[in-house]
Amino acid sequence: MNRLLTRRARRSLTRRVAGLTRGFTLIEMLVVIAIIALLAGLVGPAVMNKLGGAKSSTAKIQISDIDKSLEMFKLDVGRYPTSAEGLQALDAKPASANGWNGPYMKGSVPSDPWGNPYRYSNPGPSGGIEILSLGADNAPGGEGENADVRNVQ
């Protein structure tokens with residue numbers, strides 16, 4: 001009886017081990033791949049939208065920093081840089097800028113998050129200064145990531 005129990009226990013153990021090591025079937029693998037593809041299709045666009053929004057937010061913050069640096073320039077020189085002097089006046093002294101005490105930005109004037117230079121005009125369309133990024137498409141107008149980002153005057 002003891003040998004019989006041992007044989008039965010051995011067979012049961014062998015079946016359990018064989019069941020654990022048999023691996024996945026093709027159908028099971030296809031179901032897992034389909035679930036992963038479905039999740040990627042749902043999550044991917046949301047992640048890409050957040051990335052675009054982050055670049056627009058970065059542009060707003062950089063424009064705010066440039067605007068503050070222009071205010072410091074105005075306090076020292078008594079005026080904003082002209083359109084001809086541009087944002088380079090924050091890094092290097094223009095010839096007609098008496099009282100210049102720069103550079104006014106740590107490092108240099110950054111490019112926008114899409115790698116394009118910021119546009120500066122004085123006077124801008126609303127009469128004050130304008131600092132502008134044309135967005136991802138580097139063209140006027142647009143929506144979403146392609147929308148223009150400018151300082152508020």
Side-chain angles (χ1 to χ4, degrees), residues 13 15-153:
L13 182 61
R15 282 187 199 135
R16 285 186 197 155
V17 171
L20 292 175
T21 60
R22 69 179 175 88
F24 295 105
T25 66
L26 180 61
I27 298 293
E28 290 169 333
M29 291 297 288
L30 290 174
V31 168
V32 169
I33 290 171
I35 291 170
I36 290 171
L38 180 66
L39 288 174
L42 294 173
V43 173
V47 169
M48 294 309 288
N49 286 339
K50 290 293 182 188
L51 179 63
K55 285 188 175 187
S56 295
S57 296
T58 300
K60 288 176 187 175
I61 291 168
Q62 287 179 334
I63 287 173
S64 175
D65 289 345
I66 294 169
D67 198 17
K68 290 173 187 167
S69 297
L70 287 167
E71 290 296 328
M72 294 297 295
F73 180 96
K74 183 180 179 188
L75 284 173
D76 288 344
V77 178
R79 63 173 176 82
Y80 290 113
T82 64
S83 293
E85 292 169 340
L87 295 175
Q88 295 78 16
L90 298 174
D91 292 332
K93 181 182 186 283
S96 64
N98 296 329
W100 189 86
N101 195 23
Y104 293 94
M105 294 198 76
K106 189 175 185 178
S108 62
V109 177
S111 296
D112 71 11
W114 300 279
N116 303 309
Y118 284 103
R119 297 168 188 246
Y120 170 77
S121 58
N122 179 18
S126 62
I129 60 170
E130 181 182 55
I131 308 162
L132 172 69
S133 169
L134 295 177
D137 62 354
N138 201 29
E143 294 180 11
E145 201 174 327
N146 296 330
D148 298 348
V149 181
R150 61 177 38 94
N151 63 324
V152 179
Q153 284 290 331

**Spacing of CG belonging to Leu30 relative to CG belonging to Leu26, to within rounding of 0.5 Å** = 4.5 Å
**Item:** side chain to side chain donor-acceptor pair (under 3.5 Å) contacts touching residues 100-109 (sequence neighbours left out)
**Value:** Asp76-Tyr104
**Message:** Salt bridge check, Glu85 against Lys93: does any charged N sit closer than 4.0 Å to a carboxylate O?
**Reply:** no
**Request:** Any chance you could measure Leu90, atom CG, to Leu70, atom CG, to the nearest 0.5 Å?
**Result:** 5.0 Å
**Request:** For the pair Ser111 (side chain) and Pro117 (backbone), establish whether a donor and an acceptor sit closer than 3.5 Å, ignoring hydrogens and angles.
**Result:** no
**Item:** Nearest-0.5 Å distance that lies between atom CG in Asn151 and atom CG in Leu132
**Value:** 8.5 Å
**Request:** Drop me the distance from Leu87's CG to Ile66's CD1, to the nearest 0.5 angstrom.
**Result:** 5.5 Å
**Item:** Student check: side-chain heavy atoms of Trp114 and Lys55 closer than 4.5 Å
**Value:** yes
**Fill in**
Taking every heavy atom of Gly107 against every heavy atom of Asp91, the minimum-distance pair comes out as O-OD1, 3.8 Å
**Item:** Side-chain (Ser64) to main-chain (Lys60) donor-acceptor, under 3.5 angstrom
**Value:** no
**Prompt:** Hey, does the side chain of Tyr80 reach the backbone of Phe73 with a donor-acceptor pair shorter than 3.5 angstrom?
**Reply:** no
**Item:** Listed partners of Ile35 passing side chain to side chain contact (heavy atoms under 4.5 Å, CB included), at least two apart
**Value:** Val31, Leu39
**Request:** Under the salt bridge (charged side-chain N to carboxylate O under 4.0 Å, His left out) rule, collect the residues that match up with Arg119, sequence neighbours excluded.
**Result:** none
**Request:** Check the pair Val149, Ile63 against side chain to side chain contact (heavy atoms under 4.5 Å, CB included), reporting the backbone distance first and the verdict last.
**Result:** CA-CA 8 Å; Val149 181; Ile63 287 173; 3.8 Å; yes
**Asked** Would you find a donor on one side and an acceptor on the other, under 3.5 Å apart, between the side chain of Asn122 and the backbone of Ser83?
**Response** no
**Message:** Quiz question: by atom type and distance under 3.5 Å, do the side chains of Ser126 and Arg150 form a donor-acceptor pair?
**Reply:** no
**Fill in**
Rounding to 0.5 Å, atoms CG (Asn138) and CG (Asp112) come to a distance of 7.0 Å
**Item:** Spacing of OG belonging to Ser96 relative to CZ belonging to Arg79, to within rounding of 0.5 Å
**Value:** 4.0 Å
**Complete:** Scanning both residues in full, the closest heavy-atom pair of Ile129 with Asp67 reads CD1-OD1, 3.6 Å
**Request:** Go through the side-chain N and O atoms of Gln62 and Tyr118 and say whether any donor and acceptor fall under 3.5 Å apart.
**Result:** yes
**Item:** Heavy-atom pair with the smallest gap, counting every atom of Ala136 and Asn146
**Value:** CB-OD1, 3.4 Å
